[in-house]
Amino acid sequence: MRTFADRMFGLVLLVLLALVGAARAQEFDTKAPYAVLMDYESGTILFNKNADERLEPASMAKLMTLAVVFDQLQQRKLQPTDEFFISEHAWRDGGAASGGSTMFAELNSKIQVMDLVRSVIIQSGNDAAIALAEGIAGTEVSFAQMMNRLASEIGLTGSSFVNATGLPDPDQYSTARDLATIARFIIAQFPEYYPIFSEKEFTWNKIRQLNRNSLLEIGIGVDGLKTGHTEASGYGEVVSTAASGRRLIGVLHGMKSMSERTEEARKLITWGTRGFELVPVYPEGKPVAHANVYGGASETVPLVGKGNIDLFLPKGAQNCPQAIVTYSAPILPPIEKGQPLGQLQVSCNGTVVQVTPLYAGEAVAEGDIVRKATDALKELALGWL
């Protein structure tokens, strides 16, 4: 017979709503070989095309560079006005002579951190990325180690970084899912710097360059993040928008041209913002379910969302929504109000479209000896449900 420790996963089935519509939801596809559409709030993947296959990230790897820089700024290990040196490596391998994207920094000059950051975001400056790496870690190799350490901390599972620029290297790779996760981390953790991604242009050394993210200009609410391109990998982009009232993050890579990249990214974001509808389900404080408590003053604890729970569901989908609440069992007291305990997982047509964390709606103290004995007998006779 299994013990409590063996039964670590409780499951409660819920019937939430009737069918939203009789028509089958329109299928979406893209020419991009790799694509992801992520719900920012929950991290749920709404569209997946080879999301976990290894790809060459090109300049989209600079998002990881920026994440490290922003983290250093937030920890006050770095100041926005600090000046970094433009080395021979930064100038030759990342400057105009390299033939890649550049801010046209002058050899042996010093440039403030925030000017380098703006170049990386808006111009995709390789020289700026190298200068940041060397200024923070001494060498680009040491900086790449910082990139990989932070990547592990934020949960990337398919990425390896060896430089700050995204220039081709067989040991540098990522996945569409990981790139979306980096974007989500930047948006959530560094809101003071995120507006830079929507700045339209940046001028350095009297050379004005426009933001390489062409979606900023076409009126669909995109406000970030980063493009990428190499001959081998093709054209890619990480984009985000909050135009529908919720934020979405899209990743596409492997396209044949800049125009195809723009069009496919537009289609993905438009589908995400228009292809789903908001359905209010649980107002703030209303229990979604009740979870069993072992040995508590109360037999169960209500599970609630943080604020209202609204579902974003595909328009016209059949068999939608189907939902379950999951939590680890047994739940042992004492339980504090607001303590995270489980999650609501919503599916449509067999695809998970939303995951919402659930919390204790009230505190539950330890029960008396009678309650503990009663629950022990239930466990012995019936097993923990």
Side-chain angles (χ1 to χ4, degrees), residues 34 36 38 40 43 45 51-80 82-85 87 89-90 93-94 111-114 116-121 124-194 196-197 224-226 228 230 233 236 238 240 249 251 253:
Y34 313 94
V36 156
M38 175 185 285
Y40 162 76
I45 300 299
D52 298 304
E53 289 193 15
R54 185 177 293 186
L55 53 79
E56 180 189 326
S59 282
M60 293 179 290
K62 291 187 175 84
L63 289 176
M64 197 70 238
T65 298
L66 291 164
V68 173
V69 175
F70 293 154
D71 186 56
Q72 293 285 300
L73 286 164
Q74 196 171 76
Q75 294 185 54
R76 301 189 183 279
K77 295 179 179 179
L78 189 64
Q79 298 300 317
D82 287 347
E83 293 185 329
F84 286 163
F85 186 73
S87 68
H89 170 42
D93 298 325
I111 301 176
Q112 289 190 358
V113 165
M114 290 312 299
L116 294 169
V117 165
R118 279 186 162 81
S119 173
V120 170
I121 292 173
S124 198
N126 291 327
D127 45 2
I130 295 171
L132 285 166
E134 292 180 336
I136 290 171
T139 69
E140 199 174 359
V141 172
S142 296
F143 185 81
Q145 293 172 353
M146 296 176 67
M147 294 171 71
N148 287 316
R149 187 158 54 246
L150 184 58
S152 177
E153 290 174 7
I154 66 177
L156 304 195
T157 58
S159 297
S160 172
F161 300 98
V162 299
N163 62 51
T165 59
L167 289 171
D169 189 291
D171 293 323
Q172 178 148 280
Y173 51 84
S174 189
T175 67
R177 187 190 302 271
D178 277 2
L179 290 172
T181 301
I182 301 169
R184 186 181 182 217
F185 174 73
I186 288 174
I187 296 167
Q189 296 299 317
F190 311 112
E192 65 270 41
Y193 300 116
Y194 185 67
I196 300 173
F197 286 92
L225 292 152
K226 191 74 191 70
T230 66
S233 69
V238 181
S240 184
I249 298 168
V251 179
H253 199 31

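A pairwise comparison of heavy atoms in Ala51 and Thr175 identifies O-CB, 3.3 Å as the closest pair. Ala128 and Ser119 get closest at one heavy-atom pair: CB-OG, 3.6 Å. Listed here is the closest heavy atom pair of Pro168 and Glu56: CG-OE2, 3.5 Å. Nearest heavy-atom pair across Phe161 and Gln172 is CA-OE1, 3.3 Å. Nearest heavy-atom pair, Met60 versus Val238, reported as atom, atom and distance to 0.1 Å: SD-CG2, 3.7 Å. Heavy atoms only, all atoms of each residue included: Val120 and Leu132 are closest at CG2-CD1, 3.9 Å.
Between the side chain of Asp178 and the backbone N or O of Gly158 there is at least one donor-acceptor pair closer than 3.5 Å. Proximity of a side-chain donor or acceptor of Gln74 to a complementary backbone N or O of Gln189 within less than 3.5 Å is detected. Using a distance-only test at 3.5 Å, with no hydrogens or angles considered, no donor-acceptor pair links the side chain of Glu53 to the main chain of Tyr34. Remark: side-chain polar atoms of Thr230 are not paired, donor with acceptor, to backbone N or O of Ala58 under 3.5 angstrom.
Ring orientation note: the planes of Phe70 and Phe197 are nearly perpendicular, at an angle over 60° on the 30°/60° scale.
With values rounded to the nearest 0.5 angstrom, Thr157 atom OG1 is found 7.5 Å from Arg177 atom CZ. Distance check: Leu63 CG to Ile182 CD1 gives 6.0 Å after rounding to the nearest 0.5 Å. Atom CD1 of residue Ile111 and atom CG of residue Asp127 lie 7.0 Å apart, to the nearest 0.5 angstrom. In this structure, Glu134 CD and Thr139 OG1 are separated by 7.5 Å, a value rounded to the nearest 0.5 Å. Expressed to the nearest 0.5 Å, how far CG of Leu156 lies from CG of Asn148 amounts to 9.0 Å. With rounding to the nearest 0.5 Å, the separation of NZ in Lys226 from CG in Leu66 is 8.5 Å.
Lys62 is listed as a side-chain neighbour of Asn126, based on a closest heavy-atom distance under 4.5 Å. Under the 4.5 Å side-chain criterion, counting only non-hydrogen atoms from C-beta, Tyr193 is not in contact with Val117. In this structure, Phe143 and Thr65 have side chains that are in contact, with non-hydrogen atoms separated by less than 4.5 Å. Inter-residue side-chain proximity for Asp93 and Thr165 is flagged as unmet; no heavy-atom pair is nearer than 4.5 Å. The shortest distance between side-chain heavy atoms of Val69 and Leu116 does not fall below 4.5 Å. Here the side chains of Leu73 and Met114 are in contact, with some heavy-atom distance below 4.5 Å. When side chains are defined from C-beta on, Ile249 counts as touching Ser240, because their heavy atoms get closer than 4.5 Å. Between Ile136 and Lys77, the closest side-chain pair of non-hydrogen atoms is not below 4.5 Å.
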Exercise for the section: List the steps, then state whether side-chain contact (heavy atoms from CB on, under 4.5 Å) holds for Leu78 with Phe84. Expected result: CA-CA 11 Å; Leu78 189 64; Phe84 286 163; 3.4 Å; yes

